[in-house]
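Here's the structure, in structure tokens; my notes come after.
Along the sequence shown, the residues carry numbers beginning at 1. Only heavy atoms go into these numbers, but all of them, side chains included; no hydrogens, no water, no symmetry mates.
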Amino acid sequence: MTLDDLKNALLEITPDVYHYWAQPKSDRYIIWAEDGQADAVWADNRMSQQALTGTIDLYTKEEYDPMFQQVQEKLNSLDLSWRLNSIQYEEDTGYIHYEWVWEMWHE
């Protein structure tokens, strides 16, 4: 799986998908980012495979937003591991913020 595969999967949910930071045009948007390495496979003193980690953040002002379930269903359809890390209400913006952490073997 590649980072482009992840981005394209999220774009199937909404066109409002951003990498690292957003300039939102709506009250519902997704930000995704890779942030590190979880594991690696070494052969002949070289890294032959690398597991990347990252986050997906959904920001919405809609209570019980169906996009929450759509993100989880999309993550289940991909070749990666994931977990829901947190759900927060951001008083200063009025957004409900869902955060998933993912890990994938990067091609």
Side-chain angles (χ1 to χ4, degrees):
M1 179 162 192
T2 67
L3 294 173
D4 275 338
D5 294 332
L6 177 58
K7 175 188 73 175
N8 291 332
L10 295 171
L11 285 167
E12 292 175 9
I13 299 169
T14 178
D16 297 316
V17 173
Y18 304 92
H19 193 211
Y20 288 110
W21 60 277
Q23 293 180 335
K25 298 176 181 117
S26 73
D27 284 345
R28 300 165 62 191
Y29 61 96
I30 294 173
I31 300 175
W32 70 281
E34 65 277 20
D35 59 21
Q37 176 178 304
D39 204 355
V41 175
W42 297 84
D44 297 324
N45 293 323
R46 298 186 194 320
M47 184 184 303
S48 62
Q49 287 184 306
Q50 183 178 44
L52 299 178
T53 61
T55 56
I56 296 169
D57 298 273
L58 167 62
Y59 293 88
T60 180
K61 292 191 176 184
E62 183 178 328
E63 188 174 13
Y64 308 115
D65 192 327
M67 197 180 289
F68 166 79
Q69 189 61 34
Q70 291 170 336
V71 170
Q72 297 207 136
E73 289 169 359
K74 187 58 68 178
L75 289 172
N76 273 337
S77 75
L78 299 173
D79 189 21
L80 54 74
S81 301
W82 63 273
R83 68 181 170 85
L84 179 63
N85 190 53
S86 69
I87 303 169
Q88 307 160 34
Y89 177 72
E90 298 183 358
E91 288 186 27
D92 56 331
T93 62
Y95 279 102
I96 301 167
H97 175 192
Y98 300 90
E99 180 190 52
W100 293 268
V101 174
W102 54 264
E103 181 178 312
M104 75 163 88
W105 285 100
H106 183 61
E107 295 177 4

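The hydrophobic cluster containing Tyr20, built from Ile/Leu/Val/Met/Phe/Trp/Tyr side-chain heavy atoms closer than 4.5 Å, also comprises Trp21.
Rounding to the nearest 0.5 Å places CG of Leu80 at 6.0 Å from CG of Leu75. Atoms CD1 and CE, on Ile13 and Met67 in that order, are 7.5 Å from each other to the nearest 0.5 Å. Rounding to the nearest 0.5 Å places NZ of Lys61 at 10.5 Å from CD1 of Ile96. Separation of atoms CD (Glu99) and CG (Asp57) is listed at 5.0 Å; rounding is to 0.5 Å. The structure places CE of Met104 at 4.5 Å from CE of Met1, a figure rounded to the nearest 0.5 Å. Atom CD of Glu34 and atom CD of Glu103 lie 14.0 Å apart (nearest 0.5 Å).
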Asp79 and Trp105: CA distance, side-chain angles, deciding distance, side chain to side chain donor-acceptor pair (under 3.5 Å) verdict: CA-CA 8 Å; Asp79 189 21; Trp105 285 100; over 6 Å; no
Could you walk me through whether Asn85 and Thr55 pass the side-chain contact (heavy atoms from CB on, under 4.5 Å) check? CA-CA 9 Å; Asn85 190 53; Thr55 56; over 6 Å; no
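Under the 4.5 Å side-chain heavy-atom criterion for ILVMFWY residues, a single connected hydrophobic cluster contains both Trp32 and Phe68. No continuous path of ILVMFWY side-chain contacts below 4.5 Å connects Leu58 to Tyr64, so the two sit in separate hydrophobic clusters. Hydrophobic clustering, with ILVMFWY side chains joined whenever heavy atoms are under 4.5 angstrom apart, groups Leu78 together with Val71. The hydrophobic clustering, which links ILVMFWY residues whose side-chain heavy atoms are closer than 4.5 Å, places Leu3 and Val17 together.
Scanning for salt bridge (Lys or Arg N to Asp or Glu O under 4.0 Å) contacts around Glu12 gives Lys74, with sequence neighbours left out. Taking the salt bridge (Lys or Arg N to Asp or Glu O under 4.0 Å) definition, one finds that Lys7 meets it with Asp4, sequence neighbours left out.
Looking at heavy atoms from C-beta onward, Ile30 lies in side-chain contact with Ile56 at the 4.5 angstrom threshold. Proximity of Leu6 to Trp102: side-chain heavy atoms (C-beta onward) are separated by under 4.5 Å at one or more points.
Using cut-offs of 30° and 60° on the angle between ring planes, the pair Tyr95 and Tyr59 is perpendicular.
Screening Asp65, Thr14, Asp16 against Arg28 for a side chain to side chain donor-acceptor pair (under 3.5 Å) leaves a single residue, Asp65. Just one of Trp100, Trp82, Tyr98 meets the side chain to side chain donor-acceptor pair (under 3.5 Å) condition when paired with Gln72; it is Trp100.
Sparse packing is recorded around CD of Gln23, with 12 or fewer heavy atoms of other residues, nucleotides or ligands lying under 6.0 Å away. Remark: Glu90 CD is packed, more than 12 non-hydrogen atoms of other residues, nucleotides or ligands lying under 6.0 Å away.
Minimum interatomic distance between Ala22 and Ile31 (heavy atoms only, all atoms of both residues): CB-CD1, 3.7 Å.
A donor-acceptor distance shorter than 3.5 angstrom exists from the side chain of Asp5 to the backbone of Thr2, with no hydrogens or angles considered.
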